[in-house]
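Worksheet for the structure shown next.
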Amino acid sequence: MEGSGLAVLDPSPVAGPVPIPAPVPTTNAWTARKAASTSPWNTTGQAPTPCSLTDVMSEELAKELHEEEKGTFQKLAVGSGSDFLTAQTDDLDVSDDLLLAQMLQREFDLEHDQMLRMEERKVNGDSRVTISFENYRMVHPAETEDSSESDEDLEDAWDHDKPVTVPKRGYTGRGQNMVTKHDAKICGQKNSARMMQFPPDFHSGDSVGMVLPNHVYNSLKVHSYKEDHRSHRVHDKKEISTAEQAIDPKTRLLLYKLVNAEILECINGSISTGKEACVFHAFGGKMGDLLVPSECAIKVFKTTLNEFRTRDRYIKEDFRFKDRFSKLNPRKIIKLWAEKEMHNLNRMRRAGIPCPEVVLLRKHILVMSFIGQNQQPAKKLKDIKLSADQWQQAYAQCLDLMCRMYRDCHLIHADLSEYNMLWHNSQIWFIDVSQSVEPQHPHALEFLYRDCRNVCQFFSSKGVPNVPQPHELFNKVSEMDIQAGEDKDCLEQIQTYEKKEEYLSQGMSRENFAFDYFFERSKLKQERQKAKEAANSEDEEDET
């Protein structure tokens, strides 16, 4: 065998003497390897000569092999220049490189088109007028469709797992083989088929052949609609609302303009936060020839109706803003709300009622005078601690201000409580009058009775003596005469009176009024007259 160092005798008979095999030379592994590498008759098919473990572990052998490989690499690097590289590359199989390049390019084109579609949806949104990036796409839409074979396979699978239909009568079969429309398997298959009607952006997965229970399908349906509604919002809530002491970009821009115009010197931190607005402290500047107070309060009305949803009840029936009311646009409602507080404060200021002074109004931002000193706001009645005499004084002032507000300003606070009354310089100040209405409002008397009930409950809890009942305070402020009773009975009397007086506010003629209304009205007059005569007769008897 060639390369093994052994001679093999041919078993077939030959003529002449048999050749004697040559002796095998004894060489070490290094000489054998060197001879194999330098011999011109060496072939790649020769088997390596076995060597001992000692030769393999020799460090000299390892170094020689390393130097030999290093020299081989240098020869390959230098070689014969470009001819050597050409000779090497000619042996490579490059028939599939073009196909791989085309496949990679197609993947890049598909990714590019996907980015264009996302950008197109982002720009268009819900607008009726849309733009298209069709001319910039790299792959024709027809090429992105699946092959007809895959479509046929999908249709076959869908037809195979198509839910069983039940006739209109609601069942099929008889006896033990009867199947109704309420069968769990049929309902589950129908639910899986209905999942195809979900919005396209909702990833429901492959529902073919799946059996979905009703409660699972209902949960998925509700979740898909919520996700679809959330994804199609035109504006983000954080960009258009001011809530939890936050200021949106539009509000911030308005405040920057006030500072740049030197109307305000600087704006400080938040003073308080309520259900309808946030109040900030600021140092005043100047506004033309008019001087702005040294300390101002900036009231920023929240542009979301989540915390105060009943605003329309106070502004819808107010004749001053009735024609400008728009329930569909929250920002317009907020502007009217701020404008209404400005008008109410000006009216109260002219009547001499202690309240903040309006500096200016910019959309939903109201700048007022600051009630307090050295950036410390005046405390509310619910937080102040007073003596018994001071509480008595505060109640007397509150009663006087309620009467003056009703008679002189023709306004009802509609939200009067210890939260909207400040104690500053031994005097009560009314704040937060944006919801105040005039007595002609359909629910004005109901609001007044609620204010009277809040005032009576608060001052009674502070130990103020001789605090009247809510209906007595209501009669004193409104100069009406409702009978004593529970809150429910008093409100019924007030609502009845409001419905009757509604005819007079509409300017109708006497012939159009109901007979019962005038009969009851005349009856009340007669009863009052008899009560006065009885009281006079008793006084005369006591004198005699």
Side-chain angles (χ1 to χ4, degrees), residues 313-314 353-354 380-423 427-433 435-501 520-521 523-536 538-539:
R313 186 183 180 189
Y314 298 91
I353 297 177
K380 301 177 182 179
L381 280 186
K382 73 179 186 67
D383 300 327
I384 200 70
K385 294 183 179 180
L386 302 176
S387 61
D389 295 337
Q390 289 177 327
W391 280 121
Q392 182 71 27
Q393 180 185 359
Y395 171 71
Q397 291 182 10
C398 180
L399 181 59
D400 178 64
L401 293 178
M402 290 178 66
C403 295
R404 290 168 57 188
M405 188 173 179
Y406 183 82
R407 299 168 188 172
D408 300 341
C409 300
H410 301 286
L411 287 175
I412 296 173
H413 194 284
D415 192 21
L416 189 62
S417 64
E418 63 272 18
Y419 295 88
N420 293 328
M421 290 186 286
L422 304 181
W423 182 259
Q427 191 177 17
I428 284 184
W429 295 67
F430 281 179
I431 61 172
D432 192 10
V433 294
Q435 71 283 336
S436 300
V437 296
E438 293 193 343
Q440 290 82 10
H441 193 278
H443 304 285
L445 299 180
E446 299 177 34
F447 298 152
L448 178 60
Y449 182 82
R450 185 177 61 187
D451 293 346
C452 295
R453 182 180 56 195
N454 295 336
V455 170
C456 293
Q457 290 178 355
F458 174 72
F459 285 102
S460 298
S461 65
K462 295 300 180 181
V464 177
N466 302 325
V467 176
Q469 296 296 322
H471 72 278
E472 296 176 353
L473 182 58
F474 176 83
N475 292 334
K476 187 173 182 180
V477 174
S478 62
E479 297 181 344
M480 294 178 59
D481 187 15
I482 62 173
Q483 303 299 320
E486 298 181 357
D487 291 343
K488 184 177 180 181
D489 299 334
C490 296
L491 288 175
E492 288 181 357
Q493 297 181 43
I494 293 173
Q495 291 173 359
T496 303
Y497 179 80
E498 287 176 344
K499 290 179 181 179
K500 293 177 181 179
E501 291 298 326
E520 293 177 1
R521 192 172 183 181
K523 188 176 180 180
L524 289 174
K525 289 182 179 180
Q526 292 177 1
E527 291 178 356
R528 292 176 184 176
Q529 187 67 23
K530 289 180 181 180
K532 289 181 180 180
E533 293 176 356
N536 293 334
E538 290 178 359
D539 294 339

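Side chains are part of it too, since the values below use all heavy atoms of this structure and drop only hydrogens, waters and symmetry mates.
With sequence neighbours left out, Gln529 forms a side chain to side chain contact (heavy atoms under 4.5 Å, CB included) with Glu533. The ring pair (Phe, Tyr, Trp, His ring centres under 6.0 Å) check on Trp391 picks up Phe458, with sequence neighbours excluded. With sequence neighbours left out, the side chain to side chain contact (heavy atoms under 4.5 Å, CB included) criterion links Ser387 to Asp389, Gln390. With sequence neighbours excluded, the residues forming a salt bridge (charged side-chain N to carboxylate O under 4.0 Å, His left out) with Asp400 are Arg404, listed by chain and number. Partners of Gln392 according to the side chain to side chain contact (heavy atoms under 4.5 Å, CB included) rule, which considers only residues two or more places apart in sequence or in another chain, are Val464, Pro465. In this structure Asp432 satisfies the salt bridge (charged side-chain N to carboxylate O under 4.0 Å, His left out) test together with Lys299, sequence neighbours excluded. Checked against ring pair (Phe, Tyr, Trp, His ring centres under 6.0 Å), Tyr395 has the following partners two or more places apart in sequence or in another chain: Phe459. With sequence neighbours excluded, the residues forming a side chain to side chain contact (heavy atoms under 4.5 Å, CB included) with Gln427 are Pro354, Gln397, Trp429, listed by chain and number. In terms of the side-chain hydrogen bond (donor to acceptor under 3.5 Å, both in side chains) criterion, Asn454 has no residue partners (sequence neighbours excluded).
Between Cys403 and Val477, the shortest heavy-atom distance links the atoms SG-CG2, 4.0 Å. A pairwise comparison of heavy atoms in Ser436 and Ala414 identifies CA-CB, 4.5 Å as the closest pair. Of all heavy-atom pairs spanning Cys490 and Gly485, the tightest one is SG-O, 3.7 Å. Heavy atoms only, all atoms of each residue included: Ala444 and Pro439 are closest at CB-O, 3.6 Å. Taking all atoms of both residues into account, the shortest heavy-atom contact from Pro468 to Cys456 is O-SG, 3.3 Å.
The structure places CE of Met421 at 13.0 Å from CD1 of Ile384, a figure rounded to the nearest 0.5 Å. The distance from atom CG of Leu445 to atom CD1 of Ile482, rounded to the nearest 0.5 Å, is 9.0 Å. Interatomic distance, CD1 of Ile428 versus CD1 of Ile353, reported as 12.5 Å (0.5 Å rounding). Separating the CZ atom in Arg453 from the OG atom in Ser417 is a distance of 11.5 Å, to the nearest 0.5 Å. The distance from atom CD of Glu418 to atom CH2 of Trp423, rounded to the nearest 0.5 Å, is 15.0 Å. Here the CG atom belonging to Leu386 is positioned 7.5 Å from the CG atom belonging to Leu381, to the nearest 0.5 angstrom.
The only option from Met405, Met402, Arg450 that meets the side-chain contact (heavy atoms from CB on, under 4.5 Å) definition with Leu416 turns out to be Met402.
Counting only heavy atoms from C-beta outward, the side chains of Asp415 and Asn420 approach each other to under 4.5 Å. The closest side-chain heavy-atom distance from Glu446 to Gln495 is below 4.5 Å. Looking only at side-chain heavy atoms (C-beta outward), Tyr406 and Ile412 come within less than 4.5 Å of each other. Between Phe474 and Ile494, some side-chain heavy-atom pair lies under the 4.5 Å cut-off.
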side-chain contact (heavy atoms from CB on, under 4.5 Å) between Phe447 and Gln435, worked out: CA-CA 10 Å; Phe447 298 152; Gln435 71 283 336; over 6 Å; no

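Sequence neighbours left out, the pairs with a member in residues 474-487 that pass side chain to side chain donor-acceptor pair (under 3.5 Å) are Tyr449-Asp487.
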